Amino acid sequence: MYHKAYGIIETLAPLHVGASAGEETGNLNLIFRDQFTLTGIIPGSSIRGRFRADMRNRNWKGANLWYGHEADADEEQQAQTKENESNQDRTTEAIVKFEYASLVWLPVYCPNQPIVWVSCPRLLNRYQKLSGLPKAEFKPYSYYIKGSLSMKTLFFSLGFLNLQEKDPNLKNYIPASLEDLNPEKNLVLVVNDTDIAIIHEMALFRQSRVALEPTKKKAKRGAFFDVEALPQGTVLTFPLALKPTPENPKPWDKFTETAGFTSSKEIYFGGLESIGFGRTHVTLNPYPKAN
């Protein structure tokens, strides 16, 4: 049986994982979205690629062990795995498996707050399953904040939203050790699954970018475009699984040690890292009832 675990990603800067310039017919570079809620995701391949690249810089052999050996490994990698000739010309199965990261809480500007972290039942149910928290019913327009609110109506760009009952259980669905979202200070809100998409569009970070001609203050042809990203303070979650082997019957501790995840670490995801995108804080947690 696989050893189950899950990760928490908190964005410390806008995060763009999606199309890059020139890949779309329009001039807006979109992020990847979930097909049901239409909210931003990080594909499992992007998470795996970043984790593997990070481990490869630390330990070639460790990367080959946990993420599988590539048949077309370059000369440096082949030199470092020379003692294991049988694996040089064939691929091997990865021990660690990743799935996509979905939203847990999304920060949204609200004039009378000024920031509200929003989610929906579908997204919270996925987090509940991954984290092993007790099952709960998430009622649309329920909310949680420590203390009381002076008003029960929020104003978003789409209009007014009336809050219903306060749900103290939502506090348990705020991951620990977040930098921006603090359950002691901030308001969290659950909306309908059908409403989260339009609120998500309203919350996205968007920026126009342009490349100028080298000798003129004029945009290069086709070099003016917009990019969208998940805003700073977004919280996502993803599952991972580790396959026990005869050499590693209990792989969790060995994997976190090799990957440098004794607690948590900062990792960059997506593109545009050189201009202030992609910085995140990642925490890995074993599933409470790991098999």
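Side chains are part of it too, since the values below use all heavy atoms of this structure and drop only hydrogens, waters and symmetry mates. Here, residue 1 is the first one in the sequence, and each next residue gets the next number. Remember, predicted model here, so these are calculated numbers, not experimental data.
Shown here for Ala229 and His16, the closest heavy-atom pair between the two residues is CB-N, 3.9 Å. Across all their heavy atoms, Ile9 and Ala101 have their closest contact at CD1-CB, 4.2 Å. Contact between Pro286 and Ala5 at its shortest, heavy atoms only, is CA-CB, 4.0 Å. When every heavy atom of Gly40 is checked against every heavy atom of Ile31, the shortest pair comes out as CA-CD1, 3.9 Å. In terms of heavy-atom proximity, Ala136 sits nearest to Asn169 at CB-ND2, 3.2 Å. When every heavy atom of Gln128 is checked against every heavy atom of Leu133, the shortest pair comes out as NE2-O, 2.7 Å.
Evaluation of the side-chain contact (heavy atoms from CB on, under 4.5 Å) rule for Asp34 yields Phe36, Thr37, Thr39, Ile41, Tyr100 as partners, not counting sequence neighbours. For Tyr6, there are no ring pair (Phe, Tyr, Trp, His ring centres under 6.0 Å) partners at least two apart in sequence or on another chain. The side-chain hydrogen bond (donor to acceptor under 3.5 Å, both in side chains) test applied to Thr215 returns no partner, not counting sequence neighbours. Residues passing the side-chain contact (heavy atoms from CB on, under 4.5 Å) test with Ala94, sequence neighbours excluded: Arg48. Contacts of Ile145 classified as side-chain contact (heavy atoms from CB on, under 4.5 Å), with partners at least two apart in sequence or in another chain: Tyr143, Leu149, Leu187. Contacts of Tyr144 classified as ring pair (Phe, Tyr, Trp, His ring centres under 6.0 Å), with partners at least two apart in sequence or in another chain: none. Listed by chain and residue number, nothing satisfies the side-chain contact (heavy atoms from CB on, under 4.5 Å) test with Gln35 (two or more places apart in sequence, or in another chain).
Within the 4.5 Å cutoff, no side-chain heavy atoms of Lys216 are placed close to those of Leu212. Here the side chains of Leu181 and Val188 are in contact, with some heavy-atom distance below 4.5 Å. Annotation: side chain of Leu123 is not in contact with side chain of Val104 (no heavy-atom distance under 4.5 Å). Contact check for Leu230 versus Pro14: no side-chain heavy atoms found under the 4.5 Å cut-off. For the pair Asp180/His281, no side-chain contact is recorded, criterion being any heavy-atom separation below 4.5 Å from C-beta on.
Considering OG of Ser142 and CD of Glu165, their distance stands at 6.5 Å, rounded to 0.5 Å. To the nearest 0.5 Å, the span separating CG on Asn192 from CD1 on Ile198 amounts to 13.0 Å. Taken from CG in Asn64 to CE in Met55, the straight-line distance is 10.5 Å, to the nearest 0.5 Å. How far CG of Asn186 is from CD1 of Ile174: 8.0 Å, rounded to the nearest 0.5 Å. Taken from CZ in Arg52 to CH2 in Trp66, the straight-line distance is 14.0 Å, to the nearest 0.5 Å. Going from atom CG of Leu38 over to atom OG1 of Thr194 covers 11.0 Å, rounded to the nearest 0.5 Å.
Formation of a donor-acceptor pair under 3.5 Å by the His3 side chain with backbone atoms of Pro244 is not found in this model. Using a distance-only test at 3.5 Å, with no hydrogens or angles considered, a donor-acceptor pair links the side chain of Trp117 to the main chain of Gly233. Side chain of Glu228 to main chain of Phe205: no donor-acceptor pair is present (N/O by atom type, distance under 3.5 Å, no hydrogens or angles). Not a single donor-acceptor pair under 3.5 Å links the side chain of Gln207 to the backbone N or O of Val227.
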Step by step, work out the side-chain contact (heavy atoms from CB on, under 4.5 Å) result for Asp167 and Val190.
-> CA-CA 10 Å; Asp167 183 1; Val190 179; over 6 Å; no

What do the steps show when you test Thr258 against Leu65 for side-chain contact (heavy atoms from CB on, under 4.5 Å), and what is the final call?
-> CA-CA 10 Å; Thr258 308; Leu65 170 66; over 6 Å; no

Report the C-alpha distance between Tyr173 and Phe138 in whole Å, list the side-chain angles of each, state the deciding distance to 0.1 Å, and finish with yes or no for ring-ring contact (aromatic ring centres under 6.0 Å, His included).
-> CA-CA 11 Å; Tyr173 287 81; Phe138 304 104; 4.9 Å; yes

Check step by step if side-chain contact (heavy atoms from CB on, under 4.5 Å) holds for Leu284 and Trp252.
-> CA-CA 10 Å; Leu284 297 183; Trp252 174 252; 3.8 Å; yes

Could you walk me through whether Ile275 and Phe277 pass the side-chain contact (heavy atoms from CB on, under 4.5 Å) test, one step at a time?
-> CA-CA 6 Å; Ile275 58 170; Phe277 286 73; 4.0 Å; yes

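Note: the hydrophobic cluster containing Val282 does not contain Tyr127 (ILVMFWY, side chain heavy atoms under 4.5 Å, direct or indirect links). Cluster membership check: Val116 shares its hydrophobic cluster with Leu161, using side-chain heavy-atom separations under 4.5 Å among Ile, Leu, Val, Met, Phe, Trp and Tyr. Linking Ile, Leu, Val, Met, Phe, Trp and Tyr residues whenever their side-chain heavy atoms come within less than 4.5 Å places Leu15 and Leu106 in a single cluster. Two different hydrophobic clusters hold Leu124 and Ile199 under the rule that ILVMFWY side chains link at heavy-atom gaps under 4.5 Å. Residues Ile267 and Phe98 share a single hydrophobic cluster, defined by chaining ILVMFWY side chains whose heavy atoms lie under 4.5 Å apart.
Not less than 6.0 angstrom separates the ring centroid of Tyr109 from the ring centroid of Phe156. In this structure, the ring of Phe51 has its center less than 6.0 angstrom from the ring center of Phe261.
The salt bridge (Lys or Arg N to Asp or Glu O under 4.0 Å) pairs that include a residue from residues 255-267 are Asp54-Lys265, Glu266-Arg279, where partners are two or more places apart or lie in different chains. Applying the side chain to side chain donor-acceptor pair (under 3.5 Å) rule to pairs touching residues 129-140 yields nothing, sequence neighbours excluded. The salt bridge (Lys or Arg N to Asp or Glu O under 4.0 Å) pairs that include a residue from residues 184-197 are Lys146-Glu184, Lys171-Glu184, where partners are two or more places apart or lie in different chains. For residues 178-199, no pair satisfies ring pair (Phe, Tyr, Trp, His ring centres under 6.0 Å), with sequence neighbours left out.
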May I have the list of side-chain donor-acceptor pairs in residues 234-242 shorter than 3.5 Å, sequence neighbours left out?
residue : atom : partner : partner atom : Å
Thr234  : OG1  : Pro231  : O            : 2.7
Thr237  : OG1  : Gly7    : O            : 3.1

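Within 6.0 Å of the NZ atom in Lys254, the count of heavy atoms belonging to other residues, nucleotides or ligands does not exceed 12. More than 12 heavy-atom neighbours from other residues, nucleotides or ligands sit within 6.0 angstrom of NZ on Lys166.
Look at Glu201 and Arg33 and you find a salt bridge, because one of the NZ, NE, NH1 or NH2 atoms lies within 4.0 Å of a carboxylate O, short of that distance.
A side chain to side chain contact (heavy atoms under 4.5 Å, CB included) with Ile8 is found for one member of Asn285, Leu130, Thr280 and no other, namely Asn285.
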